[in-house]
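Structure first, commentary second.
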2 protein chains.
Amino acid sequence: MPKDRTPTRIQQKNRAAILEAALNVFSAHGFRGSTVDQIAAEAGLSKPNLLYYFPSKEAIHTALLSGLLEVWLAPLHALNEDGDPMEEILSYIHRKLEMSRDLPRESRLFANELVQGAPRIHDALSSDLKKLVDEKTAVLTRWMDQGKIARVHPYHLIFSIWALTQHYADFDVQVRAILKDEDPFEGAGLFVETLYRKLLTP
Amino acid sequence: MPKDRTPTRIQQKNRAAILEAALNVFSAHGFRGSTVDQIAAEAGLSKPNLLYYFPSKEAIHTALLSGLLEVWLAPLHALNEDGDPMEEILSYIHRKLEMSRDLPRESRLFANELVQGAPRIHDALSSDLKKLVDEKTAVLTRWMDQGKIARVHPYHLIFSIWALTQHYADFDVQVRAILKDEDPFEGAGLFVETLYRKLLTP
DNA sequence: TCTTGATTTGACCAACTGGTCAAACTCACG
DNA sequence: CGTGAGTTTGACCAGTTGGTCAAATCAAGA
């Protein structure tokens with residue numbers, strides 16, 4: 001392991017390559033289903049070389065998850081109390097849907113982790129995530145109090161947005177097996193738009 | 001391996017115990033994350049004994065999946081064109097939600113498989129599942145044509161029902177991390193009821 | 001009771017996997 | 001250049017895992 005001073009150009013390049021490769025592999029096979037050799041091969045490095053940059057398979061996974069959690073929650077973070085309620089919510093939904101389309105690996109990385117009980121990010125869920133969600137449901141509740149949007153259970157509203165949008169990334173194979181050639185995201189965009197407009201219009 | 005004649009009482013008992021144990025283990029850790037030893041221990045058998053009843057780990061997994069697919073799709077199968085459209089759809093949704101509550105292991109078993117690209121049930125998806133869904137979306141479309149329910153993209157309507165209901169089983173940890181003590185399924189039932197009533201009322 | 005097929009298991013094996021290590025190589029910089 | 005830190009790797013290791021096998025045990029019908 002090199003000194004922890006300003007990382008070399010090589011260090012930056014290789015660390016990035018490793019994380020990129022790990023995202024591919026972990027998102028496709030889950031933690032247990034992925035091997036260090038696979039990740040190393042995908043990153044174009046030998047296994048010992050990969051382990052020169054990260055101390056363990058676990059460390060790569062953790063680095064990935066914690067690095068991406070912020071990205072993953074950014075759209076919800078951007079939900080702005082001062083904007084127009086319906087527009088804010090719809091734009092949040094569309095942003096999530098775009099993320100499912102453009103960052104499906106990230107979505108599946110989290111899905112893999114969650115479906116197996118989130119052994120490695122359980123803490124982040126009940127601290128960071130819960131805090132953010134509490135904050136934003138409070139905003140939703142105030143909008144409902146003001147009659148700006150229809151009153152529904154705010155937590156389940158958020159769950160439903162997550163479920164609906166991430167479904168297209170996480171269960172992509174199933175969606176495509178059924179839709180065949182049709183592009184899922186076109187129809188999905190229209191569908192969620194009408195769904196939430198009808199639900200939330202007071 | 002015993003003769004394939006009418007299975008012994010012992011055979012029935014042990015095969016059932018193995019599948020039950022495998023459901024526990026596979027749904028919690030995924031295929032690759034589960035070991036034959038784990039399943040054997042959970043079933044109260046030695047590993048060689050377990051492999052006396054199933055030729056391989058893969059075979060157990062396949063037997064589980066194909067055995068449960070029917071159960072899993074039963075509610076959609078039950079959607080009846082001759083019933084009242086809104087009631088039929090809502091009752092389908094509630095049945096799916098109950099399955100998430102009562103059969104979370106089954107839900108996670110499929111979720112694990114799907115999120116990793118469904119390597120073992122891809123065929124069943126594009127044949128059996130697609131056929132069933134095509135059939136039922138045709139029913140939905142006819143209802144829409146008759147003005148019985150609002151017109152929305154029928155495939156995405158079904159996807160949304162799957163996503164919403166299964167979310168509570170598959171991402172249980174996340175839901176509970178956020179809701180803390182509140183029972184997820186109580187709020188969820190009310191939420192989806194209003195959601196789909198508003199969406200589908202013409 | 002005896003016999004035969006069904007059931008069970010301890011011992012074992014080969015492949016795989018995460019991780020180590022010393023030696024070799026490369027690169028930036030004085 | 002030369003040199004020392006940074007980088008790379010072949011060889012290796014111990015633990016795990018899916019699966020095998022011959023031998024032992026059990027169960028039920030004749």
Side-chain angles (χ1 to χ4, degrees), chain A residues 1-65 112-113 116 119-120, chain B residues 1-65 112-113 116 119-120:
Chain A
M1 347 156 177
K3 293 279 165 61
D4 56 342
R5 277 276 158 196
T6 50
T8 313
R9 179 176 39 88
I10 297 180
Q11 273 175 52
Q12 286 192 331
K13 198 193 68 177
N14 282 347
R15 283 184 161 263
I18 290 168
L19 290 176
E20 171 72 15
L23 178 56
N24 277 332
V25 177
F26 281 139
S27 69
H29 309 292
F31 180 78
R32 192 64 154 52
S34 307
T35 72
V36 179
D37 279 296
Q38 261 178 93
I39 301 173
E42 183 100 8
L45 300 175
S46 66
K47 181 168 64 170
N49 197 12
L50 180 147
L51 289 167
Y52 169 72
Y53 291 99
F54 287 89
S56 69
K57 178 184 175 184
E58 183 95 29
I60 305 174
H61 195 249
T62 306
L64 252 192
L65 282 175
N112 259 305
E113 183 68 10
Q116 288 175 23
R120 281 165 262 274
Chain B
M1 351 156 175
K3 291 280 163 63
D4 55 342
R5 278 276 157 197
T6 50
T8 315
R9 178 176 40 85
I10 297 180
Q11 270 174 54
Q12 286 191 330
K13 199 194 68 175
N14 282 347
R15 282 185 161 263
I18 290 168
L19 289 176
E20 171 71 15
L23 178 55
N24 276 332
V25 177
F26 281 139
S27 69
H29 308 292
F31 180 77
R32 193 58 156 54
S34 307
T35 71
V36 178
D37 280 294
Q38 261 179 93
I39 301 173
E42 184 100 8
L45 300 174
S46 66
K47 182 169 62 171
N49 198 11
L50 179 147
L51 288 168
Y52 170 71
Y53 291 100
F54 288 89
S56 69
K57 178 184 175 183
E58 183 94 30
I60 306 173
H61 195 249
T62 305
L64 251 193
L65 281 176
N112 258 306
E113 183 67 9
Q116 286 176 22
R120 281 166 263 273

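We name chains A, B, ... by the order of the sequence lines, and we start the count at 1 in each one.
The phosphate of C:dT17 (OP1 or OP2) has a side-chain N or O of B:R32 nearer than 4.0 angstrom. One finds a side-chain N or O of B:N14 lying less than 4.0 angstrom from the OP1 or OP2 phosphate oxygen of C:dT8. For the OP1/OP2 pair of C:dT7 and a distance below 4.0 Å, the side-chain nitrogens and oxygens of B:Q11 include at least one atom meeting the criterion. In this structure, A:Y52 reaches the D:dT7 phosphate: one of its side-chain N or O atoms is under 4.0 Å from OP1 or OP2.
One donor-acceptor pair, N or O on each side, does fall under 3.5 Å between the base of C:dG19 and the side chain of A:K47.
Comparing atom distances between the A:K57 side chain and each of C:dG19, C:dT9, D:dT9 picks out C:dG19 as nearest. Each of D:dT8, D:dG18, D:dT20 was ranked by its minimum atom distance to the side chain of B:P48; first place goes to D:dT20.
Exactly one of B:I60, B:N14, B:T62 qualifies for a side-chain contact (heavy atoms from CB on, under 4.5 Å) with B:F54. That residue is B:I60. Partner of A:I39 under the side-chain contact (heavy atoms from CB on, under 4.5 Å) criterion, chosen from A:N24, A:L50, A:L23: A:L50.
Whole-Å rounding puts the A:N49 CG to C:dA24 P distance at 18 Å. Atoms CZ (B:F54) and P (D:dG18) sit 16 Å apart, rounded to a whole Å.
Relative orientation of the B:H61 and B:F26 rings is perpendicular, given thresholds of 30° and 60° on the angle between their planes.
The residue A:I10 sits close only to the backbone: its heavy atoms come under 4.0 Å of sugar-phosphate atoms, none of a base.
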